[in-house]
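What follows is a single structure, written as structure tokens, with notes after it.
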Amino acid sequence: MSIEKTKTPRPMRWVPSLYLASGLPFYAVALIAGLMYKSMGVQNDQIAHWTGLLGLAWVFKSLWSPFLEAAGSKKMLVILFQLIGGAALGLVALSLQLPAYFAISIALFAVVALSSATHDIAADGLYMASLSNKQQAKYAGWQGAFFNGAKFISLGGLVYLAGYLEKTLPAAQAWTIIFAIMGVLLFTLGLYNSWALPGEKNAAPKASMHSIFVTLQDVITEFFKKPGIWLAIIFIILFRAAEGQIQTIGPLFLREAKNLGGLGLTTDQVGTAYGIAGTIAFLGGSILGGYFASWLGLKRALPWLILAMNTPNLAFFFLSSSMPESMTVITAALAFEMFGYGFGFVGLILFIMQVVAPGKYQTAHYALGTGVMQLGFVFFKTISGDIQIALGYKNFFLWVLLSAIPVLLMTRFVSFGDGASHGKEADTQNAPDNMAKTADA
């Protein structure tokens, strides 16, 4: 598909709104849903099971991404899925007032997840098709900034608002308002983007569905022919073992009543500590982690990045052992944990970029690699609730620390190829932006 780039609207008119609309439904499913269910009395194992399964939409999106090339317009796809996502979030709000709210809301969140994952494919395709390589690099920072801006709005602002509302309203009513706001925001962004997004002109003839299927088959076949690919897949999955568990149970521990082993924080306190301070620390860590990997090279940096990502999980073990009352102490501990998370996660993104993706289908194989990465997160997220209930919070956080040992040992055996011994400057500079869009899925 060719685009008349000279007539493309100014990127700052549409790049921020495009990626804000990518982030809102993503964080609604990945983070906000779990906190909402916790407020409404759902058990940790059920929260982890079902919100974990919702993440499968981002695992398998690369399998249907080639078929979107057969669509007449990426712009229309983007708008369609923004409107579908906004409507589905609005229906989630209404479902919370029903007796069978849990089953109905999970089904609606599945619609949100599928539309969001498909939207991301079309949005990235429109971004790349509408901008030159130089422009893509220039606006990549804005892309990541506004995707994470959705995290500030949702996990920070809206969760804080939910906590404020919970003080005077039943939890179901409070969260109905929150998801109604999210639905209206996303629907409004869809309407705005119908005007702001660049149009596609002089479109080339579309490939047939058969030829797309044949290409997809070849992409998958070539992926699994890569030397050492199965060891790399195991490495990628285990990389997220500790993270998938801590990012699921950690916020629930913060909300859990003190007599049940939690810190007993209010929803608004979690929004302030985790959503605002934690997000700032995460972004700072990701930027510094990228520079660290660029300076040292992936092969030498990776063990340190794994340690940096997992050692700060001691913060949750400390919180569950000492049970501090001070919000300053709690916020500092969470910021420390999120900084390490951001710093270390760069290593996994670069491993996929520089070791797994290179070859005949570099872009497609990067997408498959990130799908495997998401599979690791989903698997450990899904089982985390059962493990926590069996062990209790304090022993669970100790278990999480031990979960990082296998992937650390594997750095001695996994192949890094020829390009990963020394940092690849271009890939490393873009790593924080790619990471910001995949880390919490």
Side-chain angles (χ1 to χ4, degrees), residues 18-38 42 46-65 67-68 77-96 101-125 147-148 150-151 153-155 158-159 175 178-187 189-190 240 244 247-248 251 367-368 370-385 436-441:
L18 178 63
Y19 284 94
L20 185 62
S22 288
L24 281 173
F26 173 78
Y27 288 116
V29 173
L31 296 174
I32 308 305
L35 288 170
M36 179 267 289
Y37 287 132
K38 187 66 177 177
V42 180
Q46 292 298 306
I47 295 173
H49 287 166
W50 291 103
T51 59
L53 290 174
L54 292 172
L56 290 174
W58 288 276
V59 173
F60 296 112
K61 70 177 184 179
S62 59
L63 299 182
W64 65 80
S65 60
F67 296 96
L68 297 185
L77 283 176
V78 166
I79 296 166
L80 173 65
F81 287 109
Q82 286 178 11
L83 296 178
I84 290 174
L89 286 171
L91 291 173
V92 168
L94 295 177
S95 74
L96 300 182
Y101 79 90
F102 185 74
I104 297 172
S105 62
I106 287 292
L108 289 168
F109 276 129
V111 174
V112 175
L114 288 168
S115 65
S116 177
T118 309
H119 169 273
D120 289 351
I121 299 166
D124 289 339
F147 186 89
N148 280 280
K151 189 174 185 179
I153 292 171
S154 54
L155 189 56
L158 290 178
V159 169
W175 286 98
I178 297 306
F179 279 100
I181 292 173
M182 295 190 78
V184 169
L185 281 174
L186 186 55
F187 201 89
L189 284 168
R240 307 203 77 177
Q247 294 301 314
T248 304
L368 285 173
T370 57
V372 172
M373 178 180 73
Q374 176 66 3
L375 178 62
F377 185 85
V378 167
F379 174 75
F380 289 104
K381 177 184 180 76
T382 303
I383 65 173
S384 61
K437 296 174 59 182
T438 55
D440 294 312

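This one's a predicted model, so the numbers in the text were calculated from it and none came from an experiment.
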Y37 vs T51, side chain to side chain donor-acceptor pair (under 3.5 Å): CA-CA, chis, key distance, verdict: CA-CA 10 Å; Y37 287 132; T51 59; over 6 Å; no

Rounded to the nearest 0.5 Å, what separation is found between the CG atom of L20 and the CD atom of Q82? 9.5 Å

Closest contact, heavy atoms only, T382 versus V378: OG1-O, 2.6 Å

Going from CD1 on I104 to CZ on F102, what distance comes out if it is rounded to the nearest 0.5 angstrom? 12.0 Å

Contact summary for G85 and S115, nearest pair of heavy atoms: CA-OG, 3.8 Å

Closest non-hydrogen atom pair, A57 against A117: O-CB, 3.6 Å

Considering all heavy atoms, the nearest V29-A113 contact: CG2-N, 4.2 Å

Heavy atoms only: give me the nearest V111-A88 pair and the separation to one decimal. CG1-CB, 4.0 Å

Within this structure, what is the CH2-CE distance for the pair W175 and M182, rounded to the nearest 0.5 Å? 9.0 Å

Run the numbers on F109 and I32 for side chain to side chain contact (heavy atoms under 4.5 Å, CB included), then give the verdict. CA-CA 11 Å; F109 276 129; I32 308 305; over 6 Å; no

dist L54:CG -> I106:CD1 (nearest 0.5 Å) comes out at 5.0 Å

Distance col, row M36:CE vs F179:CZ, nearest 0.5 angstrom, shows 4.5 Å

Using the side chain to side chain contact (heavy atoms under 4.5 Å, CB included) rule, take W50 and V42 through it: C-alpha gap first, then chi angles, then the decisive distance, then the call. CA-CA 11 Å; W50 291 103; V42 180; over 6 Å; no

Indicate yes or no: at least one non-hydrogen side-chain atom of L35 is less than 4.5 angstrom from one of P251. yes

When the aromatic ring centroids of F147 and Y27 are compared, is their separation below 6.0 Å? yes

With side chain to side chain contact (heavy atoms under 4.5 Å, CB included) as the criterion, how do T118 and L77 come out once you've worked through the C-alpha distance, each side chain's angles and the decisive distance to 0.1 Å? CA-CA 9 Å; T118 309; L77 283 176; over 6 Å; no

Checking H119 against I84 for the side chain to side chain contact (heavy atoms under 4.5 Å, CB included) test, could you report, in this order, the C-alpha distance in whole Å, the side-chain angles of both residues, the deciding distance, and whether it holds? CA-CA 10 Å; H119 169 273; I84 290 174; over 6 Å; no

Over all atoms of both residues, closest heavy-atom pair of S105 and L96: CB-CD2, 4.4 Å

Is any side-chain heavy atom of L89 closer than 4.5 Å to a side-chain heavy atom of L24? no

Tell me, do P25 and L186 make a side-chain contact under 4.5 Å, heavy atoms counted? yes

Do L56 and F379 have side chains that approach each other closer than 4.5 Å (heavy atoms only, starting at C-beta)? no

Taking the side chain as everything from C-beta on, heavy atoms only, tell me whether Q247 gets closer than 4.5 Å to K381. no

Rounding to 0.5 Å, atoms OG (S154) and CD1 (I181) come to a distance of 12.0 Å

